[in-house]
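Note that the coordinates shown come from a computational prediction; the quantities given were computed from them, not determined experimentally. Along the sequence shown, residues carry numbers from 1.
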Amino acid sequence: MSAATDSPSVTLAPVARGGVMQSAHDSLVVAKRNLLRMMRIPEVVIFGLIQPIMFVVLFSYVFGGSVAVGGSLSTSDYRNFLMAGIFAQTVTFATAGAGAGIADDMHKGLIDRFRSLPMSRGAVLTGRTLADLVQTALTVVVLAVVGVLVGWRVHNGIPKMFAAFALLLLLGYAFSWIGALIGLSVRTPEAATSGGLIWLFPVTFVSNAFVSPENMTPWLRHVAEWNPFSATVQACRVLFGNPGVVQSNAWPMEHPVWASLAWSVVIVAVFRTWAVRKYRSATA
């Protein structure tokens, strides 16, 4: 009889790798996976482009000449006023898609498969939000072309134009973390889509995007002026040199570029932390 005894095999759970560089690498791998997935489903990208284009055309030709901008009913002034709001609305509405995508991955068990790999825990969500940022940037480029076709123009030079687009994409990235949290908190992609849109409507319409807050009741005007969405819209109009800059004593309206940057950084810091914690508990 052999003196050796069989010892039971022990399966060790994968250990998530740490470090900033490793986390960045894992995030980029996940982002690449999501981008390849988007390319294989082009209708998602196409439908994502159609909605903002419809907003530009409808608002331009339906409300142009009916809404006063700075006391003028000029159709050209309204179209230039409109575009900053449409840009901001487009990048924030991408939140619903981010939430639905994560909820779909959860529903199919893909998140659990990622958890079985030795990778950074936050990389799954970071990679998803980065992929959504790339898709949003593509949408913004197409939307800018459509804006030019309907009469929108930039008057403050190319560098400030790129600064405005950078603020827009940062806002979209910040809001995508809210979408990630929603996607982790619901059971189906349909619920994530609905939950991602319900709160966006008051955020985007109780703002300076489509009308001036000066005509709102006092309490609603204060809400609009301190709305993170309004700060980005105001910053874009200042940087683009477009009409409709709100004259207000509210700090975000007086310093819109800094306010937009600060709001976006705070939203990313808060909701990324919250979403990563939710990710660990939701898939444990």
- [ ] Kindly give the heavy-atom pair with the smallest separation between L125 and A275, and that separation in Å.
- [x] CD1-O, 3.6 Å
Open item on the list: Going by side chain to side chain donor-acceptor pair (under 3.5 Å), name the pairs with one or both residues in residues 80-100, residues two or more places apart or in two chains.
Closed with: none
TODO: Find out whether V148 and R153 are in side-chain contact, i.e. whether some heavy atom of one side chain is under 4.5 Å from a heavy atom of the other.
DONE: yes
Task: Gap between atom CH2 of W226 and atom OG of S248 - 0.5 Å precision - done: 9.5 Å
TODO: Could you tell me whether the side chain of V203 reaches within less than 4.5 Å of the side chain of W199, counting heavy atoms only?
DONE: yes
Open item on the list: Under the rule for side chain to side chain contact (heavy atoms under 4.5 Å, CB included), what residues qualify as partners of L36, not counting sequence neighbours?
Closed with: K32, M39, R40
Open item on the list: Could you check whether Y78 and F59 have their ring centres less than 6.0 Å apart?
Closed with: no
- [ ] Work out which heavy atom in Q234 is nearest to a heavy atom in P256; give both atom names and the distance.
- [x] CG-CB, 3.4 Å
Task: L168 reachable from V257 in the ILVMFWY side-chain graph, under 4.5 Å edges - done: no
Task: T204 side, atom OG1; F229 side, atom CZ - distance, nearest 0.5 Å - done: 5.5 Å
- [ ] Work out which heavy atom in S27 is nearest to a heavy atom in A123; give both atom names and the distance.
- [x] OG-CA, 3.4 Å
Task: Closest non-hydrogen atom pair, P243 against D77 - done: CG-O, 3.5 Å
Open item on the list: To check you understand the geometry: which heavy-atom pair defines the closest contact between G241 and H155, and what is its length?
Closed with: O-CD2, 3.4 Å
- [ ] Calculate, to the nearest 0.5 Å, the distance between atoms CD1 and CD1 belonging to I53 and I86 respectively.
- [x] 11.5 Å
Task: For V266, all residues meeting side chain to side chain contact (heavy atoms under 4.5 Å, CB included), sequence neighbours excluded - done: V270
- [ ] Report whether I178 and L261 are members of the same hydrophobic cluster (ILVMFWY, side-chain heavy atoms less than 4.5 Å apart, transitive linking).
- [x] no
- [ ] Check the hydrophobic clustering (I, L, V, M, F, W, Y; side-chain heavy atoms under 4.5 Å; chains of links allowed) and say if V245 and V233 are grouped together.
- [x] no
- [ ] Could you tell me which residues satisfy side chain to side chain contact (heavy atoms under 4.5 Å, CB included) with E254, sequence neighbours excluded, listed by chain and number?
- [x] N249
Open item on the list: Could you check whether any side-chain heavy atom of V154 comes within less than 4.5 Å of a side-chain heavy atom of K160, counting everything from C-beta outward?
Closed with: no
- [ ] Mind checking the OG-CH2 spacing from S230 to W263? Nearest 0.5 Å is all I need.
- [x] 10.5 Å
- [ ] Determine whether the aromatic ring centres of F240 and F165 lie less than 6.0 Å apart.
- [x] yes
Open item on the list: Nearest 0.5 Å, please: how far is CD1 in I182 from CZ in F271?
Closed with: 8.5 Å
Open item on the list: Please identify which of these residues, F87, W152, F55, meets the side-chain contact (heavy atoms from CB on, under 4.5 Å) condition with L143.
Closed with: F87
Task: Residue pair R272 / T126, side-chain donor-acceptor N/O under 3.5 Å - done: yes
TODO: Assess the pair W251 and H255: is the distance between their ring centroids shorter than 6.0 Å?
DONE: yes
TODO: Would you please name every residue forming a side chain to side chain contact (heavy atoms under 4.5 Å, CB included) with F201, sequence neighbours left out?
DONE: F93, L197, F205
Task: Closest approach of A88 to V91 (non-hydrogen atoms, all atoms of both residues) - done: O-CG2, 3.2 Å
Open item on the list: Could you check whether any side-chain heavy atom of R221 comes within less than 4.5 Å of a side-chain heavy atom of V223, counting everything from C-beta outward?
Closed with: no
Task: Close side-chain approach of V150 to L82, heavy-atom, < 4.5 Å - done: no
Task: L220 vs V206 side-chain heavy atoms within contact, under 4.5 Å - done: yes
Open item on the list: Quick check for you: to the nearest 0.5 Å, what is the distance between E214 atom CD and N208 atom CG?
Closed with: 10.5 Å
Task: Cluster check W258, L170: I/L/V/M/F/W/Y, side chain < 4.5 angstrom - done: yes
Task: Check: P52 and T139 side chains under 4.5 Å, non-hydrogen atoms - done: yes
TODO: Considering only Ile, Leu, Val, Met, Phe, Trp and Tyr, and joining two whenever side-chain heavy atoms are under 4.5 Å apart, list the other residues clustered with V246.
DONE: M253
- [ ] Could you tell me how the ring of W177 sits relative to the ring of Y173: parallel (under 30°), tilted (30 to 60°) or perpendicular (over 60°)?
- [x] perpendicular
- [ ] Check whether any side-chain heavy atom of S176 lies under 4.5 Å from a side-chain heavy atom of L133, and answer yes or no.
- [x] no
Task: Verdict with reasoning, R33 to V29, per side chain to side chain contact (heavy atoms under 4.5 Å, CB included) - done: CA-CA 6 Å; R33 172 257 174 191; V29 169; 5.8 Å; no
Task: R128 side chain to V30 backbone, donor-acceptor under 3.5 Å - done: no
Open item on the list: Is there a path of hydrophobic side-chain contacts, each under 4.5 Å between heavy atoms, that joins L200 and V140?
Closed with: yes
